[in-house]
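Shown next, in structure tokens, is the structure this report addresses.
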2 protein chains.
Amino acid sequence: MESAHEREKRRTAMLDALARVLEQVGFPHTTARIYAALTLAEGEGLSTSEIVEELGISKASVSNAMHLLVGTELVQRYRVPGSRETHYRMLKGVWGEILGRKFAATSYIRQVAEDAMETVDSPAARERLREMHDVYSFFEREFEDVMKRFNERNER
Amino acid sequence: MESAHEREKRRTAMLDALARVLEQVGFPHTTARIYAALTLAEGEGLSTSEIVEELGISKASVSNAMHLLVGTELVQRYRVPGSRETHYRMLKGVWGEILGRKFAATSYIRQVAEDAMETVDSPAARERLREMHDVYSFFEREFEDVMKRFNERNER
DNA sequence: CGCAACGTTTAGAAACTCCTGAACGTTGGG
DNA sequence: CCCAACGTTCAGGAGTTTCTAAACGTTGCG
């Protein structure tokens, strides 16, 4: 049988791993940890004080992080009758959204390469930019298809 | 007709834009700028002192950055007869490599979600993890296909 | 061989990001 | 309305990253 201590340790490890994923995606440390905590919450979400307690951070940090998470529509505020506190829950269907945003960068990069190619004189430089451009063009088209399939999948 | 000053300004803007792309991919500021400078070089590459002059940085910075760029096989050293300086050139075919590395993270994230799902008790949490897992599974498979097509494309 | 030209390493400083405590503003119950 | 409970803002500071100068090591020409 598993001790309460071991259970707690496993939970912490999981929270860390999840938070690292979010950090990799580009979120600040604490913001990532908050999102992870919301993922692992027992119920539908957590209140500010619950987050403060679980992660051992200040309420100012929660406020700042939520500015980002709510602003990017990854998390939603909601109220619980009888409580004055703000509660937060993850929004559904955001993981696809997160990845989709990543892909959007591809077409920007293709654009940069394209512009540079038009400006540059040296044939050697132009050749290097062309390779970059071709690769990103390829992935840009592929990602469009992938996202289309993803959206179709979600409609079902 | 275009003044030398305007030409210089355009070149700088281009270098900045390219560097930002590399930074987005996760490289340090100076490292990214060096890579951008190598991309825009007139000839096949640049020497240490040329990089120092073009970017206005110390040779120590060049040394450090090259440790990273050469180590990750994005840049190659070469020697120019008659010069004692080390020269550096971009390696070809790295952009696909860079993107490929990004995708590799997908299967790690899927794994994290899978592990967490097995550990967690709360049905609400498990449901949230399941969505995360499903999304990343989908993209993991799609990326494998995309990379396969990419590699086939390159063999021609 | 010895010297000069380079590259590398390292310790320290500068810059940046992010967190916190405290003060402030806002809101809702009584 | 007033007070208490919350959330937000902001100045300050801690931690981290990354750049540089200086000292050191290495290499190759004469």
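Chain naming here is simple, since letters A, B, ... match the order of the sequence lines and numbering starts at 1 in each.
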Q) Whole-Å distance between C/dC16 P and B/His29 NE2? A) 10 Å
Q.
Short of 4.0 Å, heavy atom to strand atom, which residues of residues 62-89 of chain A count as contacting DNA chain C?
A. A/Asn64, A/Arg84
Q) Atom CD1 of A/Ile51 to atom P of D/dT8: distance rounded to whole Å? A) 11 Å
Q: Could you list the residues that satisfy side chain to side chain contact (heavy atoms under 4.5 Å, CB included) with B/Ala17, not counting sequence neighbours?
A: A/Val112
Q: Rounded off to whole Å, could you give me the CD-to-P distance for the B/Glu50 and C/dA5 pair?
A: 18 Å
Q. Over how many whole Å does the gap from A/Phe27 atom CZ to C/dC18 atom P extend?
A. 12 Å
Q | d(CG, B/Leu55; C1', D/dT20) in whole Å | A | 15 Å
Q. Within the structure, does a side-chain N or O atom of B/Ser58 lie under 4.0 Å from either OP1 or OP2 of D/dC19?
A. no
Q) Is the closest side-chain heavy-atom distance between A/Thr31 and A/Leu22 below 4.5 Å? A) no
Q | A/Ile57 CD1 - D/dT8 P separation (whole Å) | A | 13 Å
Q) Taking all non-hydrogen atoms of both residues, which atom of A/Gly96 and which atom of B/Phe139 are closest, and how far apart? A) CA-CE1, 4.4 Å
Q.
Is a donor from one side chain sitting under 3.5 angstrom from an acceptor on the other, for A/Asn151 and A/Glu155?
A. no
Q: Check whether any side-chain heavy atom of B/Arg149 lies under 4.5 Å from a side-chain heavy atom of A/Phe138, and answer yes or no.
A: yes
Q.
Once side chain to side chain contact (heavy atoms under 4.5 Å, CB included) is applied, do any residues pair with B/Val75, and if so which ones, sequence neighbours excluded?
A. B/Tyr35, B/Leu38, B/Met66, B/Leu69, B/Val70, B/Tyr88
Q.
Nearest heavy atom decides the nucleotide; on that basis, is B/Ala60 or A/Ser61 closer to the 5' end of DNA chain C?
A. B/Ala60
Q) Is the phosphate of D/dG7, meaning OP1 or OP2, less than 4.0 Å from a side-chain N or O of A/Thr48? A) yes
Q) Is the shortest side-chain N/O distance from A/Thr30 to OP1 or OP2 of C/dC18 below 4.0 Å? A) no
Q: Nearest whole angstrom, please: distance from the C1' of C/dC19 to the CD of A/Glu23.
A: 14 Å
Q | Closest contact, heavy atoms only, A/Arg84 versus A/Arg79 | A | O-NH1, 3.2 Å
